[in-house]
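In what follows, residues are counted from 1 in the order of the sequence shown. The structure presented is a predicted model; accordingly, all values stated were derived computationally and were not measured. Numbering of ligands and ligand atoms starts at 1, following listing order.
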Amino acid sequence: MKPGSIVIGLLCLLCTLAVQADEPIVIKFSHVVAADTPKGKAAERFAQLAKEKTKGRVEVSVYPNSTLAGDKDEMQNLQLGAVQMLAPSLAKFGPLGVKEFEVFDLPYLFDDYDQLHRVTQGPVGQALLAKLADKGVLGLAFWDNGFKVMSANKPLHEVKDFRGQKMRIQSSKVLEAQMRALGADPQVIPFGEVYQALQTGVVDGTENPPSNLYTQKMYEVQKFVTDSNHGYLGYAVIVNKAFWDGLPADIRSALEEAMAEATVYANEIAKQENVEALAKVKASGKSEIIALTPEQKTAWKKALAPVHRKMEARVGKGLIQSIYQATGSDISKL
Ligand code: LMR
């Protein structure tokens with residue numbers, strides 16, 4: 001090879017390296033809900049903080065509403081590195097092989113956000129996130145959504161009202177057991193297909209926190225919403241481990257800071273967002289909001305309490321006990 005071409009070759013290599021050094025590191029953050037939800041807003045806040053704290057060296061592109069990946073493929077896309085960051089609901093970690101996360105789906109496990117935070121922001125939560133490392137996934141944080149309501153085209157006051165109702169659920173065995181305990185027929189459907197499934201009558205009803213019910217317009221195709229707060233729905237923010245470990249140390253710590261601040265934000269707004277979403281559903285006049293009487297609520301709890309025992313084999317008796325200890329409440333004693 002002539003000396004001239006060696007010099008040109010070296011110059012080209014240097015140019016390429018210079019361009020690469022200037023290019024931001026891109027993090028694709030995919031999720032399935034609307035941008036205008038607690039998770040959607042927190043993802044945007046993380047993107048903004050990541051940009052600021054890394055002085056533009058990291059660009060987080062947020063893809064809401066299953067536009068990049070949906071329930072069926074997002075975990076696989078993360079493991080393959082096609083997306084770098086997700087925040088799936090805690091009910092969706094079974095297919096990844098971490099079925100312990102389904103513990104959060106146990107009905108009436110938490111009375112309020114304070115009890116919940118003693119778990120998600122404490123040692124039990126940290127131990128759960130640590131279980132993900134084996135799967136090539138790193139758990140960064142828990143983000144709240146909220147307490148679920150039940151919806152259907154018939155009023156759901158009493159446990160017997162569920163009999164024969166086809167209810168959409170997420171892919172969680174605990175949710176399946178919950179619906180069966182009520183006498184309903186659970187059907188797993190990806191989040192992005194729920195509106196259509198309700199509209200066309202593939203299923204009769206569903207459960208979700210009000211923020212999802214409202215932003216996905218599910219209330220437009222459900223005549224009744226029972227404000228039951230019978231269970232919790234929240235998220236774990238996860239990244240592809242190889243990608244995260246491969247980041248320069250200063251970038252990684254800036255992103256950790258951004259995630260810590262976005263988490264505080266997420267968990268500050270979630271409660272109010274859900275209160276407002278339920279008020280908007282009510283104001284729309286399209287769904288009637290049903291409040292349970294104390295007697296009805298007790299009957300729901302009695303019907304659902306056995307699910308805790310039944311699911312010990314699935315999620316771990318020790319884990320359930322450690323949550324009772326952290327919260328100070330144990331519905332299985334009912
Ligand atoms: C659902 O699938 O019902 C929800 O978990 C979607 C979400 O991410 O909030």
Would you check the N or O atoms of Lys39, main chain and side chain alike, for any that come under 3.5 Å of an N or O of ligand 1? yes
Distance to 0.1 Å, residue and atom name: give those for the protein heavy atom nearest to [atom].
atom                   : result
atom 2 (O) of ligand 1 : Lys92 NZ, 2.7 Å
atom 1 (C) of ligand 1 : Phe191 CD1, 3.2 Å
atom 5 (O) of ligand 1 : Gln170 OE1, 2.7 Å
atom 3 (O) of ligand 1 : Arg168 NH1, 2.6 Å
atom 7 (C) of ligand 1 : Val33 CG1, 3.2 Å

Using a heavy-atom cut-off of under 4.0 Å, does the side chain or the backbone of [X] touch ligand 1, or both, or neither?
X      : answer
His31  : neither
Thr37  : neither
Met218 : neither
Val194 : neither

Does CD belonging to Glu52 count more than 12 external heavy atoms closer than 6.0 Å?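 Result for CD/Glu52: enclosed.
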Got a sec, which pairs hit ring pair (Phe, Tyr, Trp, His ring centres under 6.0 Å) with one end in residues 261-307, sequence neighbours left out?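 Only Phe162-Trp300 qualify under ring pair (Phe, Tyr, Trp, His ring centres under 6.0 Å).
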Cationic tip of Lys39 above Tyr235 ring, under 6.0 Å, 45° of axis: yes
Using a strict cut-off of less than 4.0 Å between a Lys/Arg side-chain nitrogen and an Asp/Glu carboxylate oxygen, indicate whether Lys92 and Glu74 qualify as a salt bridge. no
